[in-house]
Structures are given as structure tokens and as C-alpha cells.
Amino acid sequence: MCGIIGIVAKGEVNQALYDGLTVLQHRGQDAAGIVTCDDGRLFLRKDNGMVRDVFHTRHMLRLRGNMGIGHVRYPTAGVSTSAEAQPFYVNSPYGITLAHNGNLTNTEALQKDLFREDRRHINTDSDSEVLLNIFAHELQVLNKLTINADDVFKAVEGVHKRCRGGYAAVAMITGYGIVGFRDPHGIRPVAYGQRKGEQGMEYIIASESVAMDALDFELVRDLEPGEAVFIDVEGNLHTRKCAQKTVYSPCIFEHVYLARPDSIIDGVSVYKARLRMGEKLADKILREHPQHDIDVVIPIPDTSRTSALQLSYKLNLLYREGFIKNRYIARTFIMPGQKQRRKSVRQKLNAIDLEFKDKNVLLVDDSIVRGTTSKEIIQMARDAGARKVFFASAAPPVRHPNVYGIDMPSVQELIAHNRDNVAIAQEIGADWVVYQDLEDLVQAVKKGNDKIQRFDTSCFNGDYVTGDVDQAYLDRLENIRNDAAKSKRDKQDNSIIDLHNHS
């Protein structure tokens, strides 16, 4: 899960890119980067940290030009080094920079092909650098001194033929323009918008429509699966379907947790989808616990508020804010390391005792992944005086890793792995647990756009839409993503930093 943005305007774009990235900050808090182009020269600033920490006035002044791209990153495999901050750059051909959201499932094979056949060097472990070099090679084999929109689209076609997985990307070709493209299944989100400036039309490409709202751009539409949009330096917009076989299969977890509620993704209001999730979840509670003794519904801020509100309305129960959130703590879901996640829960949330004391409380969350946060929060509710604590998840049990760009780690670290609801409730300390049914979740989201053929629901049912994910791949991924492996890499990174500091 990362955030990408690209803008072609009639004036300087540095401030707009910065503001857009701050709006997309929820998609990645590990690193940020911006690259702009002015008169054939590139200006780049990227580093680890939040947007506000990476860019200072001196950096912004250097980011000159009327087109540029930006990126906010969170580490899919737990790696947190500035070397993997984006955008990435290659000088041949033309000078290309790229920012990417997602994950390629055939990275190892592509790396070998790039070395043996394309004679290209990969300098990091990031699949984003692989994607950039594939795109660059597909442009280079055209063997043209100058290129046009048709050439750009032909290169994207080559990317789709070689790359597997879920990916949305923006790439800036020095002197030519910015291209945005989406994988043939449309797993990761990306859309484009426009606004009329004093000197003509200006265009934006971004992961979520909320970035366009903040910058006064009008959302035109989401890119279709396998589609690319190219805005040239003159401000002309071109679009083309660049993949032959496409199946509209967006990631449903965007609507559950990742996206902001004020975004429109694939024609579906995230806010309304979450309202419908709350209704469906209320129906499930009535079926499984018709004689429930719930006194009050309390959301776990922030992403579950919308579902919890509609659920309380459907059940005719009180809705109360029982937890106050410290907004200066990062999202625990995307925090590398179990110890760090557990410690941050108490720093992030504080219970209002009077909303819990002597009450039977239903806590509502968007999902339960590792269960670490849920367990800590339930204990906080009991410490605040709750008689009983029930727990409802707006999503089904997460039983499988995500391979398309979300850090759902080792299967062994998922709370729902090899546990039924009774065992999960016991593990996290709840009196009972209710999960959303997968069919209800699909209906809640699909109601906003009947053109969606299916969803990527792999983290719930293990059905990987690209059809190329086998157990061997999952085993390799598990060895990379489990907390023990992340801890080992963190120690290695710290050793490198110490060595650098003392050299």
C-alpha cells in the first residue's frame, strides 16, 4: 500500500505535489519523494519519514518545473531504508522516473531477464525499480530518438506482457510527459482528473480521488484494468487500453481499511460502502445473537466509525465515542514489528471510562489481522469498567497473506489462522466475536458499481486473481515477511547506519 501522484500543469507543481502527498499520507508513512522536471532537467528529493519531515523550504525551492510525480511509501516486506524511497530513476532512454503502488509476483524472474537479456542493473530489492527498468527497456527497444503517445502506449503494452501482480504506477519521461497505468486486473487503484487553469487544462493522476478534491481537480474517472493515460508536456491527454485480456478485479481491502472514506474508488463511494458494511454486519449479529445484551456500540477509530454508526442505527443501540485517538502516532497495521505495534496501541488510544463503566460494550473495527491491537483494546475496555466486551469486524477473517501490495505477513501471525470464532474470542479476550460474511462484504461494495466483475478477496479466501500464485511463492513470501525476518533486517540496516556514521 503506497500513494502515487503525478501532475502536468501550466505553472510550478511542487506545492501541489506536496499537498497531494499529505492527503495521501494514510497510504504510507515510511518514506516520501517528489521529482519534478524543468527545461529537460530533473529535480529529486526523497527520504525516509512523513511528508512534512522529508520536505523543507530549501527542498521545495529546488523542485522546479510544471510537471512532476510523487510517492508516499510503506514497506510491503518490512524493509525501511531510504535507498528504497521512491520515485526511482533511470537515465536511459530519455531519463525516466517512476512511482509505484503494488507488488509484482514475478519479480525474481524479471530480475534475471533484466540482467541476462536486457543488460540492466537493479540496485535495490524493490520491485518498483524492476517495473521501472521493464518500462524503460520497452521504450528503448523502439530505438527512436523522439517518441509520441503511441510509443508510450506500446511500451506499456510490453510491461503488461511481462509483469504479473497488482500495480498502479506513474512515470515521468523527461521532456515528453507523464504516463499512468494500471495492471490488467485493476487490483491497485489509480484515477485521473482535470482542472481548467488560466492558461489551459491541467491534469492529475493519483491513487485516490481525495487528492484531487484537495487540489481543486475534478475527478474524470478511474483507469480501467490495463489502461494507460498519457499527458504530454503540451498538456494534451491521451488514453488507451494496453492489455488484451482484462478482468476488473479491484482489491476489496481498499474499501475495508486502506482508502479514506471521502474517496471514490472504481466508481464506488468508500463512505457509502462502509455504511452498507455496517448494515450487513448488524444483520449478522441479529442472526447469530438475537438475544444479545449490548448496551452501547463503540468504534475503534478511525476507519471503523462509518460502519459502526450504521450498525448502531440498524440495531437501535446507542453509539458512543469511547476512545480518543492520538493523531500523531502512525497506523499500527503498517508498523513493522509486533513489539512496536503492541507498544503503540496504548500510546495511540485512550479510553473514556464513563462510556465503558458497568456496560456491555460492542466494539467495532474494520478488520482483525494479527489481533495484537484488538487484544490490547479489549483489555483497555475492561480496565475502564466494561462488564462484557463483544467484538465485531466489518471484514471477514483474514486467513491468507496479501501478495499484491499489502503487508499481511506470515500466515502463522494471522489471528484467524487455524482458529474458529470461539478460539479467536478467547485469544483476544472478547466475550464473543462476529465477522462479516464475505458474500455480504462483496455485495456492500459492488452495489456502487455493477461493472466490477469480481474483487480480489485473496486475504479472506486465498483466491489470487492473477492465477500465478502457488504455495512455493507463498512460502518464500512468508520467510520474508514474518516478524523474525523483519527484525533481522532491521538489525542489519542499523549496523549499516552505524558503520556509515563512524566512517
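All values reported here derive from a predicted model rather than from experimental measurement.
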Only pairs at least two apart or in different chains count here, so list each salt bridge (charged side-chain N to carboxylate O under 4.0 Å, His left out) that has a residue in residues 299-309.
D302-R305, D302-K325, D302-R327, R305-E321
Are the side chains of F391 and I424 in touch, meaning some heavy atoms are under 4.5 Å apart?
no
Pair R387 + D293, salt bridge at N-O below 4.0 Å:
no
Are R320 and I352 close enough that some pair of their side-chain heavy atoms sits under 4.5 Å apart?
no
Side chain to side chain donor-acceptor pair (under 3.5 Å) involving N421 - partner list, sequence neighbours excluded
none
All salt bridge (charged side-chain N to carboxylate O under 4.0 Å, His left out) counterparts of E288, not counting sequence neighbours:
K284
Residues two or more places apart in sequence or in another chain: which of them pass side chain to side chain donor-acceptor pair (under 3.5 Å) with K280?
Q443
Is a salt bridge present between R221 and E227, judged by a nitrogen-to-oxygen distance below 4.0 Å?
yes
Closer than 3.5 angstrom, by distance alone: can the side chain of Q436 be matched with the main-chain N or O of A395 as a donor-acceptor pair?
no
With Y167, which residues qualify under ring pair (Phe, Tyr, Trp, His ring centres under 6.0 Å), at least two apart?
H160
So Q412 and H417, do their side chains get closer than 4.5 Å, heavy atoms only?
yes
R27 CZ to Y74 OH distance, which is reported to the nearest 0.5 Å:
9.5 Å
Does this structure show an ion pair linking R260 with D213, if we count only N-O contacts that are shorter than 4.0 Å?
no
Keeping S249 on the side-chain end and I187 on the backbone end, is there a donor-acceptor pair under 3.5 Å?
no
The criterion is side chain to side chain contact (heavy atoms under 4.5 Å, CB included); which residues satisfy it with D53, sequence neighbours excluded?
M50
List in chain and number order the residues that pass salt bridge (charged side-chain N to carboxylate O under 4.0 Å, His left out) with D19, two or more places apart in sequence or in another chain; answer none if no residue qualifies.
none
I want to check something: taking the side chain as every heavy atom from C-beta on, are L131 and V159 in contact at a cut-off of under 4.5 Å?
yes
Quick one, I285 and L362 - any side-chain contact, counting heavy atoms below 4.5 Å?
yes
I'd like to know if the side chain of E129 reaches the main chain of T124, judged simply by a donor and an acceptor atom lying under 3.5 Å from each other, with no hydrogens or angles considered.
yes
Are L258 and R188 close enough that some pair of their side-chain heavy atoms sits under 4.5 Å apart?
yes
By salt bridge (charged side-chain N to carboxylate O under 4.0 Å, His left out), K314 pairs with (sequence neighbours left out) D283
Between T105 and Y464, is a side chain to side chain donor-acceptor pair (under 3.5 Å) present by the stated rule, with each step listed?
CA-CA 11 Å; T105 54; Y464 297 97; over 6 Å; no
Apply salt bridge (charged side-chain N to carboxylate O under 4.0 Å, His left out) to K357 and list each qualifying residue two or more places apart in sequence or on a separate chain.
none
Is any side-chain heavy atom of N402 closer than 4.5 Å to a side-chain heavy atom of F253?
no
Going by side chain to side chain contact (heavy atoms under 4.5 Å, CB included), name the residues that satisfy it together with D222, two or more places apart in sequence or in a different chain.
R182, A191, D266
Just to verify, what does N461 make a side chain to side chain donor-acceptor pair (under 3.5 Å) with, not counting sequence neighbours?
T457
Considering residues at least two apart in sequence or located in another chain, which fulfil the side chain to side chain donor-acceptor pair (under 3.5 Å) criterion with N106?
none
Would you say that V411 contacts P401 through its side chain, given a criterion of any heavy-atom pair below 4.5 Å between the two side chains?
yes
